[in-house]
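One structure follows; several queries about it will come next.
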Amino acid sequence: MDNIAGHKSSLTWAVHISVVLLVALWLFPTVGLFVSSFRTADQIASSGWWNALFPTEQSLTLRTDSPEAQVQQEGVYVLEGNLFAVEGRETAPISSFGVSSRDISAFAPGDTAELRRGGTITVQENGDYRLVSEEEIRGGRGARIFVTAEIPPEFTLRNYDTVLGQDVVKQLAIYIAAAAILWGVMRYTLASQPAIVAQGAPVVGGIVLLVLLAATFGLSSGAAEGAQTTDDMGRAFFSTLTVTVPATIIPIVVAAFAAYALAWMDFPGRALLIAFVVGLLVVPLQLALIPLLKLHLAIGIGKGYLGVWLAHTGFGLPLAVYLLRNYMAGLPRDIIENARVDGATEFQIFTKIILPLSFPALASFAIFQFLWTWNDLLVAKVFLIDATGQTTVMTNQIVELLGTRGGNWEILATAAFVSIAVPLVVFFAMQRYLVRGLLAGSVK
Amino acid sequence: MHPALQGLLTIVIGVGSCIGYFWASNQFLDRVLFPAKGPNAGRNINRANMIRPWLFLFPALFALSLYLAYPVFETLRLSLTDRDQGGAFIGLANYTQMMGETKFWEAMGNNMLWLIVVPALSTAFGLLAAQLTDRIGWGNVAKSLIFMPMAISFVGAAVIWKLVYDARPPDAEQIGVLNAIYVSITGNDPQQWLTIPFWNNFFLMIVLVWIQTGFAMVILSAALRGIPEETVEAAIVDGANPFQIFFKIKVPQIMPTIMVVWTTITLVVLKIFDIVFAMTNGQWGTQVLANYMFDKLFRANDWGVGSASAIVIMLLVTPILVWNVRQARKEMR
């Protein structure tokens with residue numbers, strides 16, 4: 001309707017440019033986190049992530065070889081080698097170097113500097129050095145040399161190894177590729193089957209293969225480095241999953257029956273009950289924390305998975321009942337009345353007709369509840385995480401990392417990205433249902 | 001037992017017992033209690049149909065009452081008692097104590113600021129994005145990218161934005177994009193954005209605006225598409241320019257939807273906790289009600305004042321609750 005009249009092409013360009021800007025603005029922070037999770041700590045600290053593709057000027061602290069390697073030449077002791085080779089790094093052009101941490105760029109490459117512990121050192125642009133001393137060079141380790149060098153861009157999976165365990169990304173990529181191939185093959189061979197089989201079976205098959213591969217060959221070839229923070233992130237991932245799946249499925253079942261009664265059964269007080277559910281929709285769950293924690297402690301559930309599953313079920317129910325009722329109420333009356341006339345019981349009508357027809361609404365709610373429970377911090381903090389620290393969730397783990405490792409962006413970015421990767425996949429795969437649910441849940 | 005197995009078992013038991021309950025109770029009703037045969041068949045069917053809805057509703061109603069309705073009253077009761085005196089009734093003492101705390105008023109003030117800024121900005125950006133993306137070919141891709149932050153947890157978003165706000169010492173290269181821009185434009189020293197009193201609230205709000213804009217956009221875009229074309233065509237024929245069409249024809253027609261978006265985001269803002277908790281934890285004058293409550297409940301262990309502040313949140317939500325229930329009842333008729 002916009003191209004009927006009064007349509008100016010200059011305005012169209014303005015629209016395109018504004019949308020590009022808007023999208024860029026919205027995407028920029030997330031991309032920053034994603035890119036940072038693949039950079040080394042040195043790289044993150046020395047340049048903004050938007051410069052990740054360009055070489056950066058970095059200050060490095062390198063060491064000469066240990067004094068054991070010295071040789072005696074013409075009455076002096078000589079230690080020779082390459083500064084980068086000592087640490088197993090790629091060589092990079094050195095723009096300046098220093099021998100004291102107070103002045104790290106005192107000398108240009110090729111200059112000769114006097115070492116505090118005696119002797120002189122000459123460093124070339126490519127990192128080759130020659131340390132000459134009149135007396136025997138002592139000490140257990142090599143001398144510290146500070147260099148400023150142009151380091152080429154460097155990307156690494158090491159952060160993921162640190163956070164989750166070694167080779168996680170590599171192995172996961174292989175498993176996912178295998179699952180995707182199975183998905184493709186099943187999709188192709190089942191193409192002639194009814195839609196629910198043709199679309200559902202490949203997804204289930206792919207996921208089953210993924211789980212099987214991960215269970216048989218493991219997810220990492222070695223434990224994570226730097227134990228305490230890291231190990232926890234892998235465990236937290238599975239804890240989060242353990243919290244999420246039952247907390248998503250159980251409310252659906254409970255709500256579906258109630259929604260059917262509210263949509264298609266006549267009984268006194270129905271309108272009042274719907275109003276009750278709508279009212280509960282907005283009750284802040286903050287109110288429920290203390291009374292329910294008291295209740296859980298009193299009846300012996302305590303803090304743990306069972307408590308958090310029950311809590312999420314309770315908190316998710318109003319939306320579930322509301323969404324499902326609205327959707328079911330919109331189903332054609334004829335189908336249900338025909339079934340009643342044909343002698344179907346209410347239970348049969350519900351399981352054989354209503355439930356399959358309500359699939360889109362069920363999917364919508366499932367996504368909501370999944371995102372909400374996966375991303376939740378407050379409910380887990382109150383109902384799950386106890387003083388022993390045995391159980392935790394990723395959101396809580398990240399908050400703790402923010403406190404203890406606030407400056408280690410490579411760890412933080414990677415941990416955060418691990419926790420948002422799953423919701424993002426769900427989001428992009430099932431966006432259609434999410435949008436439908438949002439529209440049904442709020443536009444009235 | 002491994003928690004994953006435990007989870008699997010819970011699903012099986014939970015789902016199985018739900019379905020088992022529904023099936024068994026229906027069978028009991030139809031076969032044993034009021035069988036649809038014999039001399040009283042007709043009356044029995046009617047009676048069974050009167051009871052059946054409650055069988056279907058019972059688990060949901062029970063859970064809703066226990067997990068949401070009961071806590072409202074229990075919290076109210078707790079807010080009037082003192083835990084240290086063995087739960088003795090102390091009237092409004094908790095409330096007066098709370099009113100005397102500067103942190104509470106700081107939280108109230110900040111929450112009001114959040115209530116004005118976040119829904120307004122989210123709705124405005126959402127409307128802008130909806131209107132712009134509806135007119136171009138790759139609009140759907142653009143929409144889904146702007147919508148994406150909805151899937152990211154508040155905690156994840158907090159990390160993402162902490163990286164944006166990061167500050168390094170003045171002589172070092174800035175790795176937070178905001179400081180990088182700020183330093184290169186003004187030449188001043190980098191700022192610790194999250195510690196600047198008052199303005200740091202806005203840096204926290206931006207995070208929520210960033211998340212909620214996608215939600216507003218999706219809903220408003222659907223509403224914009226629902227506008228009858230005739231009204232727009234008539235305006236074009238009358239010589240209205242695109243801006244007039246947007247502000248005078250389209251926006252008034254989707255006003256009810258804008259209200260819904262506004263109130264929904266308001267609800268999110270009233271309960272905002274994770275962002276503040278993860279980014280500043282209420283320091284430097286950024287306290288909000290939900291975080292204040294969490295502090296009271298789980299750090300100070302003061303259930304009385306904590307419950308009182310929860311009741312304050314409930315009171316702030318109540319107008320929206322009443323409005324929602326009214327709307328729902330209007331529709332039912």
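Chain letters run A, B, ... following the sequence lines, proteins first and then strands; every chain starts at 1. Predicted model only: the values in this text are computed from it and were never measured.
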Between A:Leu280, A:Val253, A:Ile250, the one whose heavy-atom pairs under 4.5 Å with chain B are most numerous
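Greatest number of close heavy-atom pairs with chain B: A:Leu280.
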In Å and rounded to the nearest 0.5 Å, what is the CG to CD1 distance from A:Leu281 to B:Ile320?
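A:Leu281 atom CG to B:Ile320 atom CD1 measures 11.5 Å (nearest 0.5 Å).
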Non-hydrogen atoms of chain B under 4.5 Å away: do they reach the side chain of A:Thr313, the backbone, both or neither?
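Contact with chain B involves no heavy atom of A:Thr313 at all.
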Would you say the side chain of B:Val159 lies within less than 4.5 Å of the side chain of A:Leu402, judging by non-hydrogen atoms?
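Touching, per the 4.5 Å side-chain cut-off.
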Nearest 0.5 Å, please: how far is CH2 in B:Trp210 from CG in A:Leu25?
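Those atoms lie 10.5 Å apart.
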Which pair of heavy atoms, one from B:Pro53 and one from A:Ala261, lies closest together, and at what distance?
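So the two residues come closest at O-CB, 3.9 Å.
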Contacting region of A:Phe34 [heavy-atom separation from chain B under 4.5 Å]
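For A:Phe34, no heavy atom lies under 4.5 Å from chain B.
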Please identify, among A:Leu293, A:Leu273, A:Val426, A:Asp376, the residue contributing the most non-hydrogen atom pairs under 4.5 Å to chain B.
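Of A:Leu293, A:Leu273, A:Val426, A:Asp376, A:Leu273 has the most heavy-atom pairs under 4.5 Å with chain B.
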Interface moiety of A:Phe417 toward chain B, non-hydrogen atoms closer than 4.5 Å:
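The answer is neither part of A:Phe417.
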Chain B contact via A:Tyr260 - side chain, backbone, both or neither, heavy atoms under 4.5 Å:
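Only the side chain of A:Tyr260 comes within 4.5 Å of chain B.
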Determine, stepwise, if the pair B:Asp274 / A:Thr395 fulfils side-chain contact (heavy atoms from CB on, under 4.5 Å).
CA-CA 9 Å; B:Asp274 312 33; A:Thr395 44; over 6 Å; no
Looking only at atom types and distance, does a side-chain atom of A:Asn375 sit under 3.5 Å from a main-chain N or O of B:Ala151, one as donor and one as acceptor?
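Judged by distance alone, yes, a pair lies under 3.5 Å.
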Measure B:Val322 against the heavy atoms of chain A and call it side chain, backbone, both or neither at under 4.5 Å.
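Neither; nothing under 4.5 Å.
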Quick check on A:Gln286 against chain B: is it the side chain, the backbone, both or neither that has a heavy atom closer than 4.5 Å?
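For A:Gln286, heavy atoms of backbone and side chain both lie under 4.5 Å from chain B.
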Side chain / backbone / both / neither for B:Arg168 at chain A, heavy atoms under 4.5 Å
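It is the side chain, since no backbone atom gets that close.
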Side chain, backbone, both or neither of B:Trp54 within contact of chain A (heavy atoms, under 4.5 Å)
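It is the side chain, since no backbone atom gets that close.
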Toward chain A, the part of B:Leu321 with a non-hydrogen atom under 4.5 Å
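The answer is both parts of B:Leu321.
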Which atoms of B:Val218 are under 4.5 Å from chain A, going by heavy atoms: the side chain, the backbone, both sets, or neither?
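Both backbone and side chain of B:Val218 come within 4.5 Å of chain A.
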Please examine the side chains of B:Leu163 and A:Trp409, heavy atoms only from C-beta on, and report whether any two atoms are closer than 4.5 Å.
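Touching, per the 4.5 Å side-chain cut-off.
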Options B:Val325, B:Val15, B:Ile146, ranked by heavy-atom pairs under 4.5 Å with chain A, top entry:
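Among the listed options, the one with the most contacts to chain A is B:Ile146.
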Does any backbone or side-chain atom of A:Ala416 lie under 4.5 Å from a heavy atom of chain B? Answer side chain, backbone, both or neither.
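Just the side chain, heavy atoms under 4.5 Å.
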Contact winner vs chain B - A:Ile274, A:Ile367, A:Asn396, heavy-atom pairs under 4.5 Å:
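Of the candidates given, the most pairs with chain B belong to A:Ile274.
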Measure the shortest side-chain to side-chain distance between B:Pro59 and A:Phe257 over non-hydrogen atoms and say whether it is less than 4.5 angstrom.
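Of all side-chain heavy-atom pairs linking A:Phe257 with B:Pro59, none is under 4.5 Å.
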Go through the atoms of B:Met293 and report whether side chain, backbone, both or neither lie under 4.5 Å from a heavy atom of chain A.
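Side chain of B:Met293 only, per the 4.5 Å heavy-atom cut-off to chain A.
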Are side-chain heavy atoms of B:Leu270 and A:Pro284 found at a separation under 4.5 Å?
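Side chain of B:Leu270 against side chain of A:Pro284, heavy atoms only: no contact under 4.5 Å found.
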Kindly compute the distance separating CG (A:Leu289) from CZ (B:Phe294), expressed to the nearest 0.5 Å.
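Between A:Leu289 CG and B:Phe294 CZ, I get 8.5 Å after rounding to 0.5 Å.
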Take A:Val19 and B:Trp138, measure what side-chain contact (heavy atoms from CB on, under 4.5 Å) needs, and give me the verdict at the end.
CA-CA 10 Å; A:Val19 175; B:Trp138 55 286; 3.5 Å; yes
Contact winner vs chain A - B:Phe273, B:Phe147, B:Tyr70, heavy-atom pairs under 4.5 Å:
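Looking at each of B:Phe273, B:Phe147, B:Tyr70 in turn, B:Phe147 comes out on top.
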Based on non-hydrogen pairs under 4.5 Å, which of B:Thr213, B:Val141, B:Asn324 is most in contact with chain A?
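Top option by heavy-atom pairs under 4.5 Å: B:Thr213.
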Please flag which part of A:Pro268 lies under 4.5 Å from any non-hydrogen atom of chain B: side chain, backbone, both or neither.
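For A:Pro268, the backbone is the part near chain B, not the side chain.
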Under 4.5 Å from a heavy atom of chain B, the part of A:Val277 involved:
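Looking at A:Val277, just its side chain touches chain B.
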Do B:Leu78 and A:Lys294 have side chains that get closer than 4.5 Å, going by heavy atoms?
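When only atoms from C-beta onward are counted, A:Lys294 and B:Leu78 do touch, with a gap below 4.5 Å.
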Tell me, side chain or backbone of A:Leu292 under 4.5 Å from chain B's heavy atoms, or both, or neither?
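Side chain only.
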Can you check whether A:Leu262 reaches B:Leu57 side chain to side chain, under 4.5 Å on heavy atoms?
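Yes, side chains in contact.
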Once rounded to the nearest 0.5 Å, what's the spacing between atom CG of A:Leu377 and atom CD1 of B:Ile275?
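CD1 of B:Ile275 is found 11.5 Å from CG of A:Leu377.
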Rounded at 0.5 Å granularity, tell me how far CG in A:Leu287 sits from CZ in B:Phe73.
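A:Leu287 CG to B:Phe73 CZ: 10.5 Å, rounded to 0.5 Å.
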Taking all atoms of both residues into account, what is the closest heavy-atom pair of A:Val282 and B:Val317, and its distance?
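Nearest heavy atoms, A:Val282 then B:Val317: O-CG1, 3.3 Å.
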For B:Lys271 against A:Leu285, the heavy-atom pair lying closest together
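For B:Lys271 and A:Leu285, the tightest heavy-atom pair comes out as CD-N, 4.5 Å.
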Using non-hydrogen atoms only, which part of A:Leu33 is less than 4.5 Å away from chain B: side chain, backbone, both, or neither?
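Both backbone and side chain of A:Leu33 come within 4.5 Å of chain B.
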Crowding at CZ, A:Arg340 (>12 non-hydrogen neighbours, <6.0 Å):
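Enclosed.
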Contacting region of B:Ala69 [heavy-atom separation from chain A under 4.5 Å]:
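When you check distances to chain A, atoms from both the backbone and side chain of B:Ala69 fall under 4.5 Å.
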Which region of A:Leu295, side chain (C-beta onward) or backbone (N, CA, C, O), has a non-hydrogen atom less than 4.5 Å from a non-hydrogen atom of chain B, or is it both or neither?
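Just its side chain gets close to chain B.
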Measure across B:Ala278 and A:Val399 and return the closest heavy-atom pair with its distance rounded to 0.1 Å.
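B:Ala278 and A:Val399 have their closest heavy atoms at CB-CG2, 4.1 Å.
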Any side-chain heavy atom of B:Arg329 sitting closer than 4.5 Å to one from A:Val278?
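SC-SC contact between B:Arg329 and A:Val278 ruled out.
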Specify the closest pair of heavy atoms between B:Leu132 and A:Ser18, including all atoms of both residues, with the distance to one decimal.
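Smallest heavy-atom distance, with atoms named: CD1-CB, 3.8 Å.
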Steps toward ring pair (Phe, Tyr, Trp, His ring centres under 6.0 Å) verdict (A:Trp264, B:Phe56)
CA-CA 11 Å; A:Trp264 287 105; B:Phe56 274 60; over 10 Å; no
Kindly indicate whether the side chain of A:Phe428, heavy atoms from C-beta on, has any atom under 4.5 Å from the side chain of B:Ser144.
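They are in contact (side-chain heavy atoms under 4.5 Å apart), so the answer is yes.
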Shortest non-hydrogen separation from A:Trp26 to B:Pro149 and the atoms involved
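In this case the closest contact between A:Trp26 and B:Pro149 is CD1-CG, 3.9 Å.
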Calculate, to the nearest 0.5 Å, the distance between atoms CG and CZ belonging to B:Leu61 and A:Phe276 respectively.
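That separation rounds to 6.5 Å.
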Between B:Phe22 and chain A, which part of the residue has a heavy atom less than 4.5 Å away: side chain, backbone, both or neither?
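Its backbone and side chain both get close to chain A.
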Should A:Lys381 and B:Phe277 be marked as a side-chain contact (heavy atoms from CB on, under 4.5 Å) after you check the CA-CA gap, both sets of side-chain angles, and the distance that decides it?
CA-CA 12 Å; A:Lys381 248 184 142 36; B:Phe277 183 77; 3.4 Å; yes
Under 4.5 Å from a heavy atom of chain B, the part of A:Leu371 involved
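Only the side chain of A:Leu371 comes within 4.5 Å of chain B.
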Sort out for me which of B:Ile19, B:Thr133, B:Ile152, B:Ile311 touches chain A most, counting heavy-atom pairs under 4.5 Å.
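Heavy-atom pairs under 4.5 Å are most numerous for B:Ile152.
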Chain A heavy atoms under 4.5 Å from B:Leu267: which part of the residue, side chain, backbone, both or neither?
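When you check distances to chain A, only side chain atoms of B:Leu267 fall under 4.5 Å.
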Could you walk me through whether B:Leu55 and A:Phe347 satisfy the side-chain contact (heavy atoms from CB on, under 4.5 Å) test, starting with their C-alpha distance in whole Å, then the side-chain angles of each, then the deciding distance to 0.1 Å, before giving a yes or no?
CA-CA 11 Å; B:Leu55 289 183; A:Phe347 192 75; over 6 Å; no
